[in-house]
Structure formats: C-alpha cells, structure tokens
Amino acid sequence: MWTKESLRQLVEEKLRGYLFIVVSNREPYIHTFSGREIQCQVPASGLTVALDPVMQCCGGTWIAHGSGNADADVVDKKNKVMVPPQAPQYALRRIWLSKEDEDGYYYRFSNEALWPLCHIAYTAPFFEESAWNTYRKVNQLFADNVLDEVGDREAFVFVQDYHLALLPRMIKEGNASIKVAQFWHIPWPNPEAFRVCPWQEEILDGLLGNDLLGFHILYHCHNFLDTVDKTIEAKSDRERYEVTRGAKKTVVRSFPISVDFETISREAQSEKVAAEIDRLKGELGISDELIGLGLDRFDYTKGIPNRLRAIDQFFVKYPEWKGKVVFVQAGVPSRVHITAYKRINEEIESLVEEVNWKHAARYWKPVIFIDEHLSPLSLMALRRMAHFAVVSALHDGMNLVAKEFVASRFDEDGVLVLSPFTGASRELTDAVMVNPYATDHFAEAIRKAVEMPKEERQRRMRKMREVVSNNNIFKWAADIISELVKLDIGG
Ligand code: F6P
C-alpha cells in the first residue's frame with residue numbers, strides 16, 4: 001500500500017535532481033481579509049484536496065492564480081509564500097490576474113465554454129472569441145511563470161485541469177527539455193459533443209504538447225483518442241494508448257484520483273470531531289433523527305435538484321419516516337458570476353423551500369440547508385454524523401466527496417448513495433447505485449439507505465474503505481511518476 005513515506009522515497013529515487021512543479025488555476029491556500037485581519041482558507045476544490053498532501057510530501061513549487069484579496073500581502077518578491085501556514089512544506093507561487101483576465105479566462109472560457117462542453121449535463125456551452133483570446137493570453141502568462149521558475153534546471157511540470165489546456169505546448173515551445181504531464185480532472189466527452197467547440201484543434205494541439213496525459217477512467221481516454229482521430233492530424237495507437245503528432249509522442253493513461261485516506265480516517269477519530277458533532281447537532285436542532293447528507297460545491301453538474309425531488313418523493317411515498325429522517329444539504333455557492341450558476345442557486349433554494357413547506361410538521365423539517373463556507377472540522381463532523389450520504393452528480397470526472405465520506409467512516413458505518421455517472425462509481429461498487437434522473441428509483445434508493453440493516457451497512461462500508469485505502473492519493477501520484485519513469489523521464 002502506498003504511503004506518504006513510500007511516495008517520498010519514489011520521488012527521491014526517480015526524480016532526483018528534478019525540480020517538481022505543480023500548476024493549477026486554483027490555489028491550495030487562499031489568504032483573505034476578515035476586517036483587517038488576514039486569515040487563510042482552504043478552497044472547496046477536489047483538485048486541491050487531492051494534491052496538497054502530495055505536495056506536502058514531495059516538496060517543490062505550486063504555481064496558481066492568487067485569488068484572495070490578502071494574497072499579495074503575504075508573498076515575497078518572487079510572489080511566493082510557504083504553505084501550509086501551520087507547518088510549511090512547499091512554496092506557493094502566485095500569479096496575478098486583472099478582473100478582465102479572470103473574467104475571460106476563468107469565467108467565460110474555462111467555465112462557460114469548456115466546463116459544460118466536457119460535462120454532459122444539458123447546459124449548453126457558450127463560446128466567445130474574446131474569451132478564447134484571454135484564455136490563450138492567460139495560458140501564456142502561466143507558461144512564462146513556469147519557464148521563469150524552472151530557469152536552466154531540469155524540471156518535471158505537472159499541469160492540472162481544463163483551465164490550462166494550451167500550457168503544455170507553450171512550455172515545450174519555451175523549453176523542450178522540461179518534462180510535462182497533465183491531469184484532466186473533468187470528464188472528456190465523446191467527439192460528437194466536443195466538435196461544437198470552435199477551437200477544438202487548438203485545444204487538442206495544446207494537450208498534445210504533454211509527454212503524459214491522464215484522465216480518471218479509461219472511458220475518458222477512449223473518448224479523447226476518438227476525438228483526436230476525428231479532429232486533427234495525428235496518429236493514435238490504440239494498443240499502446242499513445243498519440244503521435246509531428247515528432248511528439250503523448251502517452252494517454254487513466255489514473256483514478258483519490259484522497260489521503262489514512263489522515264482523514266485518523267482525524268475523523270479525534271475528540272474535537274466528537275465535540276463538533278454535539279455542537280452542530282445542537283445548532284441545527286437535531287436529536288435522534290437519522291441524518292442524510294449532501295455536501296457539494298453548488299454546480300448544475302451535481303444533480304442537487306434531482307436529489308431534492310427524490311427526497312420529496314421519499315416522504316410522499318413513505319410518510320412514516322416524517323420526523324425521523326432529516327436531510328442536511330450543505331455546500332458553497334461557486335462561480336456565481338455565471339448565469340447558469342445563479343440559476344442553479346435559485347433553483348436549489350426554491351426547491352428546499354418547497355419541500356420543507358410541503359412536509360414540515362411542528363419543529364421538524366425535512367431539509368436543513370447550509371449555504372456557507374464550513375470549516376474542515378465541521379465538514380468532518382457532518383460526514384461522521386450521517387446515516388447516509390448522497391452523491392448524485394449528473395456527470396463527474398471522479399467526485400472526491402464520495403471518497404472523503406468513506407475515508408471518514410472509521411466506525412465502518414454509513415451508506416453511500418452514488419450516481420453511476422461519477423468516476424467514483426467504477427471503484428465504489430458497494431455503494432447504493434442510483435440514476436439521479438430517475439426520481440422514483442432515487443426515492444427507493446433513499447429508502448434502502450434509511451432501512452439498511454447495520455450488518456449490511458458495515459459489510460459494504462468495510463469493502464469501500466478497503467478500496468479507498470488501497471487506491472489512495474499517494475498511489476495516484478506514484479502511478480503517474482512511475483509512468484513518467486517508464487517514458488525514460490527522471491531517475
Ligand atoms: O472538477 C474540477 C475541479 O477543478 C475540481 O477539482 C474542483 O472540485 C472544482 O473543479 C473546483 O472548481 P473551482 O476551482 O472553479 O472553484
């Protein structure tokens with residue numbers, strides 16, 4: 001089993017002498033002002049949850065957009081700050097973007113074009129030339145920062161996600177000796193869906209600047225190879241999972257991302273969490289009701305309205321559970337400048353209101369809605385309190401909320417209700433699987449979770465914990481590094 005220590009040894013052995021750089025849009029620590037005080041927050045992001053422990057273990061530099069309003073106040077001349085703040089292990093180098101650049105690159109191109117393009121969730125992508133131009137400009141800014149950070153050293157640059165599709169080619173053009181890998185954290189769609197993108201060739205060309213390109217599951221690798229075949233001049237090899245464009249070869253592989261199972265499982269057992277459970281129960285007015293839990297970044301891909309409709313249906317069909325089950329839906333609004341996100345926030349709020357109005361009796365109401373940033377301690381307490389958790393994404397690359405829930409349940413209890421349209425469903429086969437579009441089936445799945453005997457809950461949770469514990473985040477990173485080594489990189 002991979003641990004922090006064995007990953008550290010692998011990095012020391014195989015990447016000796018190489019500078020290790022991670023590049024992403026989202027930064028792992030955000031400094032913000034609270035009044036005049038500076039505080040440091042951890043964002044609601046699967047990507048940073050997964051990569052922070054890897055960086056803490058390997059060291060190196062993480063380059064990302066500095067999005068906090070106090071970020072500039074804590075960096076040195078090179079725009080760097082050591083993190084995590086309590087026990088610094090690696091450097092975070094921040095890139096500054098103007099409001100206009102953030103709007104074009106992050107909101108309009110990454111999240112109004114690429115995000116809906118790659119997630120088949122029935123929200124149409126929106127393409128604008130000016131947004132595309134800004135996306136290119138900001139990718140070049142990231143490339144300039146990477147090239148400056150590397151200088152004339154040997155380096156392995158690990159690029160993250162869809163915000164930076166053009167970056168690998170730009171890095172290679174600036175310095176061909178840098179080894180570049182990229183992990184695409186969201187699904188890759190089929191060619192029919194992808195072909196509506198006016199800049200599909202440029203995006204594929206950018207990605208084929210990578211030496212190694214990773215997706216969560218094999219299905220996304222196949223979709224990517226199909227898209228390459230149908231879109232640009234390149235040779236794809238289906239046996240080796242490789243693409244050759246000009247003289248450049250890119251290896252395409254699946255690496256299912258995960259979480260730091262051991263740390264989460266250990267922290268879940270602390271007395272602080274037990275105290276936080278009591279505090280939260282008091283605050284939320286919960287006594288011995290069975291608790292269902294939804295924890296999401298509010299996004300139209302997460303199937304939150306589908307979930308609320310299923311909860312409604314559950315209480316319609318099984319009124320005997322009224323007053324005995326309560327569903328806590330917590331999360332944070334995100335990307336709120338985008339119309340589709342404004343709409344989903346409104347839809348969620350109005351559905352919560354409707355379901356509560358319909359079923360509430362005396363002091364009991366079926367849904368407790370929390371739409372504010374919760375501390376890691378409160379999130380852990382919620383996962384521990386839950387009798388069942390629901391992950392109902394309409395399409396999701398992996399979904400780490402599911403894996404975090406499993407990792408938190410050291411008591412080997414708790415049911416996971418999971419959408420088959422998540423990457424996580426390929427591994428967590430002992431979850432109660434349900435199609436979030438099928439409201440009646442979904443209501444039945446909730447009933448099953450509520451009524452499942454303890455023995456069955458434990459049997460399923462034990463198996464899921466074994467899977468997440470074996471396929472932990474250190475294995476994910478080790479598999480990627482080992483693949484690079486096979487490509488004759490490092491070591
Ligand atoms: O799924 C891709 C991803 O980058 C996740 O890592 C994360 O959960 C989410 O998107 C974060 O979005 P943002 O950085 O836009 O807040």
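Both counts, for ligands and for their atoms, begin at 1 and track the order of listing.
Contacts of I186 with ligand 1, taken as heavy-atom pairs under 4.0 Å, involve the side chain alone. Residue contacts with ligand 1, taken as heavy atom pairs separated by less than 4.0 Å, involve D161 solely via side-chain atoms from C-beta onward.
Taking a cut-off of under 4.0 Å to the non-hydrogen atoms of Y106, the atoms of ligand 1 that pass are 13 (P), 15 (O), 16 (O).
At least one heavy atom of S45 lies less than 4.0 angstrom from ligand 1.
Comparing R297, H65, K302, E27 by heavy-atom distance to atom 9 (C) of ligand 1, the nearest is R297. Which of H216, H185, R335 comes nearest to atom 10 (O) of ligand 1 through a heavy atom is settled by distance: it is R335. The heavy atom nearest to atom 16 (O) of ligand 1, out of those in H119, R26, Q160, M398, is found in R26.
Checking K172, K179, R253 one by one against D211, the salt bridge (charged side-chain N to carboxylate O under 4.0 Å, His left out) holds for a single residue, K172.
Neither side chain, S45 nor R26, offers a donor N or O lying under 3.5 Å from an acceptor on the other. Donor-acceptor pairing under 3.5 Å is lacking for the side chains of T439 and R309. Inspection of the N133 and E129 side chains reveals no N or O donor paired with an N or O acceptor under 3.5 Å.
Sorted by first and then second residue, the salt bridge (charged side-chain N to carboxylate O under 4.0 Å, His left out) pairs with a member in residues 107-125 read D103-R108, R108-E128; sequence neighbours excluded.
Among the atoms of L47, some N or O lies under 3.5 angstrom from an N or O of ligand 1.
Looking from atom 8 (O) of ligand 1 to the surrounding protein, the closest heavy atom is G46 N, 3.0 Å.
Taking 4.5 Å as the limit, some side-chain heavy atom of P116 sits within range of a side-chain heavy atom of Y300.
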- Item | Residue pair N471, S258: steps toward the side-chain hydrogen bond (donor to acceptor under 3.5 Å, both in side chains) verdict | CA-CA 7 Å; N471 301 343; S258 193; over 6 Å; no

